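Below is one structure, written out as structure tokens; the observations come after it.
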Amino acid sequence: MTRATARAAWLAVAALSLGVQCQSQPAVTFEILLPSSVADQAQWMEIGVLAGACPLPSQLAAGIPPSGTVARVAFMKGDTSPPPIGSLAKATYAFAAAARGADCGVLATGCTTADLTSAHDVSIPLAATPAPTGACGAGETCAGGRCAPALGGGATNLGAGCSMELVGAGPLGDPLELSGSDVASAPAIAISERGFLVAYREYDQLQGAARLTVAEVDPGGGLTIAPTTTLAAQCPDQDEGDGVAISYFGASGVVASARPACGAQQAGVDLMQIDGGGAVLQSAFEVTAGGKAAISNAHGLALTGASSGWLAYLDAQGAAGAVALSGLLTQGSPTPFGGGPPATLAQVVSTNQMLALLAAGPGPTGDAGAGGPTLRLQLGASPSSTSLPMVLGGTWGALAAEGARAFVLSDAGAGGKPVAWHAFDLGGPSAVATDSFAPPGAGAVLGGDVAFRLDRVMFVLEQAGALSVAVYDHASTTPTPLRSVLLSGDARVPSQATVRDGRVAIAASDSRVLVAWLTAKTIGPNDPLGGYALYACAP
């Protein structure tokens with residue numbers, strides 16, 4: 001909550017809380033004490049958690065250091081729901097804070113240390129700087145408490161040539177932790193006019209409670225979590241380990257979450273309209289014929305207009321289908337795709353030229369991969385007017401498309417290169433380009449996702465304890481490897497030491513690439529819920 005009371009020469013501008021892992025005592029709270037002399041000019045509050053001692057005041061002159069932080073959050077002064085810092089292991093930390101003006105210039109800084117094995121309340125008094133420093137330059141804007149290229153263009157070289165410079169990173173929100181049986185979906189990402197939106201669901205099997213979270217990541221790397229939504233009609237001991245879906249068009253978006261049957265309530269899908277900050281504006285529940293639906297990790301929803309689109313899911317018999325949306329209502333019965341059941345994947349992506357559908361499962365009779373695991377891609381104007389399935393190997397896959405080209409990522413690599421991608425063009429009978437590669441981490445590839453934007457395609461891969469991104473240039477003609485990034489090799493990115501179930505997503509705008517992950521299907525007591533990393537990738 002926000003406090004409006006003055007304390008001598010200080011103003012307590014925000015009170016936040018954080019979770020402490022393996023601790024039965026209440027969460028630690030802390031507040032920022034802002035000098036009243038700069039209170040009127042301060043617009044952004046930036047907080048960093050660092051291991052060990054506080055940095056020197058000179059090291060905070062430009063704000064929270066860009067490297068070496070355990071966590072970082074930023075929020076506007078007066079925000080009544082500041083973003084959570086997330087859970088921290090019991091240890092001694094330095095809590096540093098900076099007050100920034102509307103141009104991101106640093107007006108005041110401060111730091112205090114606290115031992116979270118015993119601390120219950122931590123205050124961070126700030127001292128005014130002699131003169132504001134670190135203001136944004138020409139072509140930049142202050143977003144999320146950091147300078148970022150101005151939306152709509154501007155003179156900046158950040159991310160030129162898709163340099164994949166780290167813009168911001170941090171943890172997602174605190175786990176649900178009602179009874180220690182937190183089941184998490186994979187994240188799903190959509191691009192909005194303000195940045196990115198990340199959606200995920202958590203479910204407590206013992207309590208029979210579930211909530212949906214939508215977080216906004218702005219172009220400066222700041223994370224703001226919208227008020228969470230409690231999902232209705234939940235029962236204990238359900239299977240809610242499937243994904244959620246999100247898509248955005250114009251000035252609003254839709255999030256979809258499958259709901260199992262609970263008592264007299266039939267199985268169906270919760271559909272929620274959201275605004276550009278992820279807040280739920282209205283919701284509806286649509287019963288799915290035949291029992292529980294399952295939404296795949298990422299790419300389960302594609303809006304084609306402000307009130308129209310397609311939802312892809314697996315039905316109770318394991319058949320992949322796509323059903324039309326009108327607002328928050330489904331229209332008619334799902335159109336099956338990808339061959340008969342049992343399928344394990346159903347994804348849909350739309351462009352201005354086509355609809356792309358991807359299914360996975362045992363190859364049906366007549367397929368080149370009959371009897372073995374296959375992926376089946378269909379391209380066309382609608383689910384009922386697509387091409388015959390184009391078949392390729394793989395036990396899991398991910399889909400992205402732009403214009404008349406679609407990319408499929410899978411685990412069908414060979415020869416020491418476990419990951420493969422294939423490019424398909426609308427109207428073509430087979431792949432027009434393909435390649436396989438090995439990610440820079442160690443161990444088996446557990447899952448991944450793909451994004452396609454402005455002639456570049458990006459693949460994110462998860463291995464046990466590591467995430468990486470591979471970028472290819474000239475994606476619309478002859479895809480060529482450009483560079484790769486190992487997220488776990490950068491101390492500024494939250495640890496991925498316990499990631500293990502392939503719950504990762506990627507999305508790309510004209511100047512940014514966002515990776516988001518949930519640690520696992522079942523979040524253990526020592527697991528962080530997940531995290532995100534935002535990179536600069538400009539033409």
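Remember, predicted model here, so these are calculated numbers, not experimental data. Positions are given from 1, in the same order as the sequence printed here.
The ring-ring contact (aromatic ring centres under 6.0 Å, His included) check on Phe407 picks up Trp421, Phe452, with sequence neighbours excluded. In terms of the side-chain contact (heavy atoms from CB on, under 4.5 Å) criterion, residue partners of Asp239 (sequence neighbours excluded) are, by chain and number, Lys521. For Thr519, the side-chain contact (heavy atoms from CB on, under 4.5 Å) partners two or more places apart in sequence, or in a different chain, are Thr498, Arg500, Ile523, Asp527, Pro528. Annotation: side-chain contact (heavy atoms from CB on, under 4.5 Å) contacts of Gln234 (sequence neighbours excluded): Tyr203, Ala210, Leu231, Glu240, Arg259. For the side-chain contact (heavy atoms from CB on, under 4.5 Å) test, residues two or more places apart in sequence or in another chain that qualify with Thr344 are Ala360. For Thr477, the side-chain hydrogen bond (donor to acceptor under 3.5 Å, both in side chains) test picks out no residue, with sequence neighbours left out.
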With side chain to side chain contact (heavy atoms under 4.5 Å, CB included) as the test, would you mind laying out the steps for Arg453 and Val513 before giving the verdict? CA-CA 10 Å; Arg453 186 82 168 193; Val513 176; over 6 Å; no
Where do His474 and Asp455 land on the side chain to side chain contact (heavy atoms under 4.5 Å, CB included) test, with the steps shown first? CA-CA 5 Å; His474 311 299; Asp455 205 27; 4.1 Å; yes
If you apply the rule side chain to side chain contact (heavy atoms under 4.5 Å, CB included), what do you find for Met390 with Ser430, and how did you get there? CA-CA 7 Å; Met390 292 175 276; Ser430 60; 5.7 Å; no
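At least one side-chain heavy atom of Leu514 sits under 4.5 Å from a side-chain heavy atom of Val198. Counting heavy atoms from C-beta outward, Leu325 and Thr330 have side chains that approach closer than 4.5 Å. With a 4.5 Å cut-off on side-chain heavy atoms, Val419 and Phe459 do not count as touching. Ile246 places none of its side-chain heavy atoms less than 4.5 Å from the side chain of Val244. A 4.5 Å side-chain heavy-atom check between Ile506 and Tyr535 finds every atom pair outside the cut-off. With contacts defined as side-chain heavy-atom distances shorter than 4.5 Å, the pair Pro429/Ser387 does not qualify. Within the 4.5 Å cutoff, the side chain of Val445 has heavy atoms near those of the Pro439 side chain.
A distance-only check finds a donor-acceptor pair linking the side chain of Thr480 to the backbone of Thr478 [under 3.5 Å]. Distance alone, capped at 3.5 Å, places no donor-acceptor pair between the Glu165 side chain and the Ala536 backbone. For Gln378 (side chain) and Pro383 (main-chain N/O), no donor-acceptor pair under 3.5 Å exists by modelled atom type. Remark: the backbone N or O of Cys162 is paired with a side-chain donor or acceptor of Arg483 at under 3.5 angstrom. At distances below 3.5 Å, at least one donor-acceptor pair connects side-chain atoms of Asp182 with backbone N or O atoms of Leu176. A donor-acceptor pair under 3.5 Å is formed between the side chain of Gln496 and the backbone N or O of Leu467. Distance alone, capped at 3.5 Å, places no donor-acceptor pair between the Tyr200 side chain and the Ala215 backbone. In this structure, the side chain of Gln347 engages the main chain of Asn297 through a donor-acceptor pair within 3.5 Å. A donor-acceptor distance shorter than 3.5 angstrom exists from the side chain of Ser509 to the backbone of Arg512, with no hydrogens or angles considered. Between the side chain of His422 and the backbone N or O of Ala431, no donor-acceptor pair lies under 3.5 Å.
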Can you give each donor-acceptor pair under 3.5 Å made by side-chain atoms of residues 349-359, sequence neighbours left out, with the distance rounded to 0.1 Å?
| from | atom 1 | to | atom 2 | distance (Å) |
| --- | --- | --- | --- | --- |
| Thr351 | OG1 | Gln353 | N | 3.0 |
| Thr351 | OG1 | Met354 | N | 3.1 |
| Thr351 | OG1 | Gly403 | O | 2.7 |

Side-chain donor-acceptor distances from residues 309-324 under 3.5 Å, at least two apart:
| from | atom 1 | to | atom 2 | distance (Å) |
| --- | --- | --- | --- | --- |
| Asp315 | OD1 | Gln317 | N | 2.9 |
| Asp315 | OD1 | Gly318 | N | 3.0 |
| Asp315 | OD1 | Ala319 | N | 2.9 |

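Nearest heavy-atom pair across Leu345 and Gly397 is CD2-O, 3.7 Å. Pairing each heavy atom of Ala420 with each of Gly413, the nearest pair is CB-N, 3.7 Å. The two residues Leu166 and Ala169 have their closest heavy-atom pair at CD1-CB, 4.3 Å. The two residues Ala406 and Leu399 have their closest heavy-atom pair at CB-CD1, 4.2 Å. Minimum interatomic distance between Ala507 and Ile191 (heavy atoms only, all atoms of both residues): CB-CG1, 4.5 Å. Residue Ala533 comes nearest to Trp517 through the heavy atom pair N-CZ3, 4.0 Å, listed as atom of the first residue, atom of the second, then distance.
Other residues, nucleotides and ligands contribute only 12 or fewer heavy atoms inside 6.0 Å of the CD atom of Gln266.
Relative orientation of the Tyr472 and Phe437 rings is tilted, given thresholds of 30° and 60° on the angle between their planes.
Counting only residues at least two apart or in different chains, disulfide bond (SG atoms under 2.5 Å apart) contacts with residues 386-472 are absent. Judged as a salt bridge (Lys or Arg N to Asp or Glu O under 4.0 Å), not a single pair has a partner in residues 408-420 (not counting sequence neighbours). The side chain to side chain donor-acceptor pair (under 3.5 Å) contacts involving residues 397-406 comprise Arg405-Asp425, where partners must be two or more places apart or lie in separate chains. Residue pairs meeting the disulfide bond (SG atoms under 2.5 Å apart) criterion with at least one partner in residues 245-342, sequence neighbours excluded, are Cys235-Cys262.
With no hydrogens or angles considered, no side-chain donor-acceptor pair links Asp270 and Ser257 at under 3.5 Å.
Here the OG1-CG distance, from Thr522 to Asp501, works out to 7.5 Å after rounding to the nearest 0.5 Å. The OG1 atom of Thr386 sits 10.5 Å away from atom CG of Leu426, with the distance rounded to the nearest 0.5 Å. Between atom CD of residue Glu462 and atom OG of residue Ser488 there is a gap of 11.0 Å, rounded to the nearest 0.5 Å. Rounded to the nearest 0.5 angstrom, Phe249 CZ and Ser307 OG are separated by 9.5 Å. Note: Thr374 OG1 to Leu392 CG = 8.0 Å, rounded to the nearest 0.5 Å. Of the inter-residue distances, the one linking Ile225 atom CD1 with Leu172 atom CG reads 6.5 Å to the nearest 0.5 angstrom.
Under 4.0 Å is where a charged nitrogen must lie from a carboxylate oxygen, and between Asp242 and Arg201 at least one such pair does. Salt bridge annotation for Arg194-Asp218: absent, with no cationic side-chain nitrogen under 4.0 angstrom from a carboxylate oxygen.
With respect to Val450, the side chain to side chain contact (heavy atoms under 4.5 Å, CB included) criterion is satisfied by exactly one of Val460, Leu461, Val457: Val457.
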